[in-house]
Chemist: 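Take a look at this one; I'll ask things after.
Any value given below was found using the heavy atoms of this structure, including those in side chains, with hydrogens, waters and symmetry copies removed. By convention in this document, chain letters (A, B, ...) are assigned in the order of the sequence lines, proteins followed by strands, and residues within each chain are numbered from 1.
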Amino acid sequence: MIKEIREPLVFEISAAGKRAGELPALDVPVRKDLLAGVPLRREIEDFPEVSETEVTRHFTRLSQKNYCVDMGIYPLGSCTMKYNPKVNERLSAHPAFAGSHPLLPEELVQGNLEVLRTLERFLREITGLDAFTLQPAAGAHGELAGMMIIRAALEARGDARKIVLIPDSAHGTNPSSAHICGYAVKEIKSGEDGTIDVAALEAAMTGEVAALMVTNPNTLGVFESDIGLIAGIVHAKGGFVYMDGANMNALTGVARPGDMGVDVLHLNLHKTFSTPHGGGGPGSGPVGVKKELEPYLPVPVIAEKGGRYVLDFDRPRSIGRVRAFFGNFSVLVRALCYIMSLGPEGVREIAELAVLNANYIRKSLEGDYHLKYATPSMHECVFSDKLQKEHGITNLDIAKRLIDHGVHPPTMSFPLIVPGALMIEPTETESRRDLDLFIGAMKAIAKEAKENPDVLRAAPHVTYVGRLDEVGAAKNPVLRWEKKP
Amino acid sequence: MSYISLSGQDRKEMLARVGAASVDDLFACIPEAVRLGRPLDLPPARSELELVRVVEAIGAKNAAAGLVSFLGGGAYEHFIPTVVDYLSSRGEFVSPYTPYQPEVSQGTLQVIFEFQTLVCQLAGLDIANASLYDGSTGAAEAVLTAQRVTGRNKVVVARSLHPQYREVVRTYIKNMGVEAVEVGFGPDGRVDPDALGRLLDEATAAVVYQSPNFLGVVEDVRALSAAAHSRKALSVAVVAEALSLGLLEAPGRLGADIVTGEAQSFGLPVSFGGPYLGFMACRKDYLRQLPGRIAGQTVDKDGRRGFVLTLSTREQHIRRERATSNICTNQALCALRATIFMETLGKQGLREMAWQNAQKAAYAIEKLTAVPRVERKLSGPVFNEFALGLPKPWPAVDAGLRARGFIGGHGLAAAYPELGDAALVAVTELRTKDEIDRLARALQEVLS
């Protein structure tokens, strides 16, 4: 495509009097005394005025400045950027679903409630947990709901406790969610192999600890093989095991958190279950719990009564609502469609091929990039820039140079326990050709780091803009357009 | 399976490369004891055609299609120009991640920057974030923001704030040491100023009210803000019907310090409650306390303008437990739809749509209250929604209206028993004069 495509802000192409999306003329008598006494605005100052043609070109041009999964491999570790099936878009937008109002009486929305109930059933089976809420709007929102459930259960026992244990490799949302639930966070150092140090956990696990938040496989893509032992240690002291299900893509159909001693789990439907990321949402973060914790789920819970679906609000021990209405419903429709398309073998194939693809990349790049932890990888692998640093090249340079090769960079500088991390998660939907394209690019970059490092430092070379001044953006924030005085 | 791109030969060669005899070998790290060891109990795989049939059959069990709806209450059916669906369906918008690599995400980032600008213009405030989950969590995040800004731990929440929003606020603050006290409304449906005066004190972080409120009444934002400011508390306006901002004066210009709410009305279908679009704007003094993603303008090494996610030291991936919020993935694609919607309607169109809503609601009030024994429940000014007092309990009225082809509104008995037999009726630009007239006739029949 054309490299030099400049697209001004809409405000800069706006001109008085232009408009689109016209409405029919008002068909009721005009009242002059409307909203008497209420301050009204004369106009929305500086709001844009453009034609439909201009709107279409504006957003089409902007879209062309984005890389996306529909274009190629997007190996962001922990993000599970898999292909988003198109039929799911069509079905979730079906007027029967998209046109139904959330305050409709339950007898008129039996189809919607069947969607929710069926998806809950599927997720129970896939995770081995006993009950689900679909209300949370994203993974972090699910963490918050899940940790509130744990707190409520502990309060019912008489002591909410004070501390949540979190491994140093965890996502930042874990400590942040624990904090909003009123807990202090204590970090557990990872052991030599990058997994939880069981001795350290045992020492930290006191009667003050409400829960351990564990990601499994962890953010290195390494399975916590001691998970049974770990859960035993936490349970023995009366704590709960919370699992961040961000990496569930490694486990579907192979192993279930509920069988590992996990008490509470959130899933990211926009990761494991293929709903699109949308440039940063909408996601969906269902939470599954063991039977004992079911009374604490957010209201309403969907129940079945006399062959009908009903909304159960009579849940005295519920943590309450975490969101209005029923969650990101159309995202839930997409996830349901996905599981229905795949069936049991297909769901298992997710994990099998996600793990095969990640290991294929790992094996192919082992000589070229440093691997801090030699522990076997599951659905993602974490390299670092240690070898390239010898030539003054950082993970940022590597990432930006990948763009020149037409592939999206991996997640950078996370997990925090790997300095200069490059966290690679290809997912199961990538073709051999795209995997090889990525591997080839990484190899070429490793070579360039030695032979021609300057070309890396100046990368990317093919984009509309070069490396952007992020420090300047934070120092002198310009967060909106304003008309020049 | 259609979405898998590896051939049998690929798999064989790749396994050889990694040195595994079979795929099962790759799972050797999972102890036998926690492996599933059986196929999942899920229905068999379906082809696309089978999937469409089965899911459409589930959808057909929804029975509201064909009924003319006057439902509102935090979710509004509005006209959505075709360009919104068309442009927002582009894979370049639907299928990227959060724009962490700005050089290949300028489209998403510029859209967010434009979205932030549009929200600021509507709210009448300095800065806005890239989105929150929805209006209810927006209200909760605003309360926590006010706590951080003021260092105070009490909020006065209007009883006329959406009942579900109030529930979410309660859930969020439970463990954050914030106490919420409720302030009622007067016969006009507006926050009772005397009651508010009594509840405000030096410990109050914010007054949180919705305008137009859940019962449809437009609040006196200026007076509420002045009351809040008299005790150095923040004035937090929640706007659940974003379209009202096209006609009503911007809350920020009337004294609101934080304007948050729900922008579902801007190009998002009602979709059984989500995904929707939370937004938040505030004074620039609170920049470091604002939750969520923010896009900012900057330049590349050659001085070309570009956009990046910025001020991320507020956020969980940097600040961890000291972050302003745990929010990560939010509602970017919904913000894109809203941005396309706002730019399509533009300065004139948005105001025109808002004005038509208000005109049609006024007409509906006139027609419906002409029905014997039907009355306006609250006397304050309304935008596109109002509470109607009825001589019979709502379930009976609702059943009669449904039999005549209408969802006439939302019963208020559960959330506001003090209003007696009453229903909330919303009238948007989608409802025609004929539909309003027919609703009035149907109501008369049902009540006679």
Chemist: With a 4.5 angstrom heavy-atom cut-off, which part of A/I339 approaches chain B: side chain, backbone, both or neither?
Modeler: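 Interface part for A/I339: side chain.
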Chemist: Is the closest side-chain donor-acceptor distance between B/T171 and A/R321 under 3.5 Å?
Modeler: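 Not at all, the side chains of B/T171 and A/R321 share no donor-acceptor pair under 3.5 Å.
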Chemist: Hey, which of A/H270, A/H141, A/K400 has the most heavy atom pairs under 4.5 Å with chain B?
Modeler: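 Option with the top pair count is A/H141.
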Chemist: Within this structure, what is the SG-CG distance for the pair A/C181 and A/L144, rounded to the nearest 0.5 Å?
Modeler: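 So the SG of A/C181 and the CG of A/L144 are separated by 5.0 Å.
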Chemist: Please look at B/E77 and chain A and tell me whether the side chain, the backbone, both or neither of the residue comes under 4.5 angstrom of a heavy atom of that chain.
Modeler: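 The answer is the side chain of B/E77.
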Chemist: Flag the one option from A/L76, A/T375, A/D259, A/T173 with the top tally of heavy-atom pairs under 4.5 Å to chain B.
Modeler: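 If we count pairs closer than 4.5 Å to chain B, A/T173 comes out on top.
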Chemist: Please classify the contact between A/V38 and chain B as side chain, backbone, both or neither, with a heavy-atom cut-off of under 4.5 Å.
Modeler: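 A/V38 touches chain B through side-chain heavy atoms alone.
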Chemist: Under a 4.5 Å heavy-atom cut-off, does chain B meet the side chain of A/A93, its backbone, both or neither?
Modeler: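 Neither part.
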Chemist: Under 3.5 Å, is there a donor-acceptor pair linking the side chains of B/E114 and A/H58?
Modeler: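 Side-chain D/A pair, B/E114 to A/H58: present.
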Chemist: Tell me, side chain or backbone of A/L356 under 4.5 Å from chain B's heavy atoms, or both, or neither?
Modeler: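 Contact with chain B is through both the backbone and side chain of A/L356.
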Chemist: Less than 4.5 Å to any heavy atom of chain B: does that hold for the side chain of A/H94, its backbone, both, or neither?
Modeler: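 The side chain, not the backbone.
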Chemist: Given heavy-atom pairs under 4.5 angstrom as the criterion, report whether the side chain, backbone, both or neither of A/F59 touches chain B.
Modeler: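 Looking at A/F59, backbone and side chain both touch chain B.
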Chemist: NZ of A/K18: more than 12 outside heavy atoms within 6.0 angstrom?
Modeler: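 Above 12, so yes.
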Chemist: Measure A/P39 against the heavy atoms of chain B and call it side chain, backbone, both or neither at under 4.5 Å.
Modeler: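 Both backbone and side chain.
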Chemist: Which one of A/M340, A/E22, A/E470 has the most heavy-atom pairs closer than 4.5 Å to chain B?
Modeler: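 The candidate making the most pairs under 4.5 Å is A/M340.
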Chemist: Chain B heavy atoms under 4.5 Å from A/P29: which part of the residue, side chain, backbone, both or neither?
Modeler: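 Answer is both: backbone and side chain atoms of A/P29 are under 4.5 Å from chain B.
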Chemist: Do B/Q356 and B/E352 have a side chain donor and acceptor closer than 3.5 Å?
Modeler: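 Side chains of B/Q356 and B/E352: pair found under 3.5 Å.
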Chemist: Would you say the side chains of A/R432 and A/Y360 form a donor-acceptor pair under 3.5 Å?
Modeler: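 Side chains of A/R432 and A/Y360: pair found under 3.5 Å.
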Chemist: Against chain A, label B/V308 side chain, backbone, both or neither, depending on which of its atoms sit under 4.5 Å from a heavy atom there.
Modeler: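 Side chain of B/V308 only, per the 4.5 Å heavy-atom cut-off to chain A.
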Chemist: Do you know which of B/Q121, B/R90, B/Q110, B/K61 has the most heavy-atom pairs under 4.5 Å to chain A?
Modeler: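 Among B/Q121, B/R90, B/Q110, B/K61, the one with the most close pairs to chain A is B/Q121.
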Chemist: Taking every non-hydrogen pair under 4.5 Å, which of A/G327, A/P376, A/G343 racks up the most with chain B?
Modeler: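 Sorted descending by pairs with chain B, the first entry is A/G343.
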Chemist: Only pairs of heavy atoms separated by less than 4.5 Å count here; which of A/A137, A/P85, A/G37 has the most with chain B?
Modeler: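 Max contact count across the listed options: A/P85.
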Chemist: Tell me, for A/I180 versus chain B, whether the close heavy atoms (under 4.5 Å) come from the side chain, the backbone, both or neither.
Modeler: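 The answer is both parts of A/I180.
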Chemist: Relative to chain B, which segment of A/E430 carries a heavy atom at a distance below 4.5 Å: side chain, backbone, both, or neither?
Modeler: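 The backbone, not the side chain.
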Chemist: Checking B/N326 against A/S177: is there a side-chain donor and acceptor pair closer than 3.5 Å?
Modeler: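 A donor-acceptor contact under 3.5 Å links the two side chains.
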Chemist: For A/N84, which atoms come within 4.5 Å of any heavy atom of chain B: side chain, backbone, both, or neither?
Modeler: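 Looking at A/N84, just its side chain touches chain B.
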Chemist: Specify which of A/D434, A/L353, A/V331, A/V347 makes the most heavy-atom pairs with chain B at under 4.5 Å.
Modeler: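 The candidate making the most pairs under 4.5 Å is A/L353.
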Chemist: For A/N357, is it the side chain, the backbone, both or neither that has a heavy atom under 4.5 Å from a heavy atom of chain B?
Modeler: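 Both the backbone and the side chain of A/N357 come within 4.5 Å of chain B.
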Chemist: Quick one: which of A/F325, A/F97, A/F329 gives a ring pair (Phe, Tyr, Trp, His ring centres under 6.0 Å) with B/F272?
Modeler: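 Passing option: A/F329.
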Chemist: Let's test your reading of the structure: which of B/L15, B/V83, B/L122 forms the most heavy-atom pairs below 4.5 Å with chain A?
Modeler: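 Option with the greatest count: B/L122.
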Chemist: Please check if the distance between the ring centroids of B/H317 and A/F414 is under 6.0 Å.
Modeler: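 That pair fails the under 6.0 Å test.
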Chemist: Specify which of B/T137, B/N330, B/D10, B/V23 makes the most heavy-atom pairs with chain A at under 4.5 Å.
Modeler: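 Heavy-atom pair counts peak at B/N330.
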Chemist: Against chain B, label A/A178 side chain, backbone, both or neither, depending on which of its atoms sit under 4.5 Å from a heavy atom there.
Modeler: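 Contact with chain B: none, neither part.
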Chemist: Roughly how far, to the nearest 0.5 Å, is CD of B/Q348 from CE of B/M353?
Modeler: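 Between B/M353 CE and B/Q348 CD, I get 13.5 Å after rounding to 0.5 Å.
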Chemist: So, B/K347 side chain and A/R19 main chain: donor-acceptor pair closer than 3.5 Å or not?
Modeler: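 It does not hold such a pair.
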Chemist: Is the number of heavy atoms from other residues, nucleotides or ligands under 6.0 Å of A/R41 CZ greater than 12?
Modeler: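 More than 12 heavy atoms, drawn from other residues, nucleotides or ligands, come within 6.0 Å of this atom.
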Chemist: So which part of A/Y83 gets closer than 4.5 Å to some heavy atom of chain B, the side chain, the backbone, both or neither?
Modeler: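 Looking at A/Y83, just its side chain touches chain B.
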Chemist: Side chains of B/R17 and A/S364 only: does a donor on one sit below 3.5 Å from an acceptor on the other?
Modeler: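 Their side chains do contain a donor-acceptor pair, which is all the 3.5 Å distance test asks for.
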Chemist: At a heavy-atom distance under 4.5 Å, which candidate from B/R293, B/E315, B/Q297 has the highest pair count against chain A?
Modeler: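 Heavy-atom pairs under 4.5 Å are most numerous for B/Q297.
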Chemist: Hey, what do you get for SG (A/C337) to CZ (A/R90), rounding to the nearest 0.5 Å?
Modeler: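 These two atoms lie 10.5 Å from each other.
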Chemist: Can a side-chain donor-acceptor contact be found between B/T108 and A/N66 if the only test is distance below 3.5 angstrom?
Modeler: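 Yes, a side-chain donor-acceptor pair sits under 3.5 Å.
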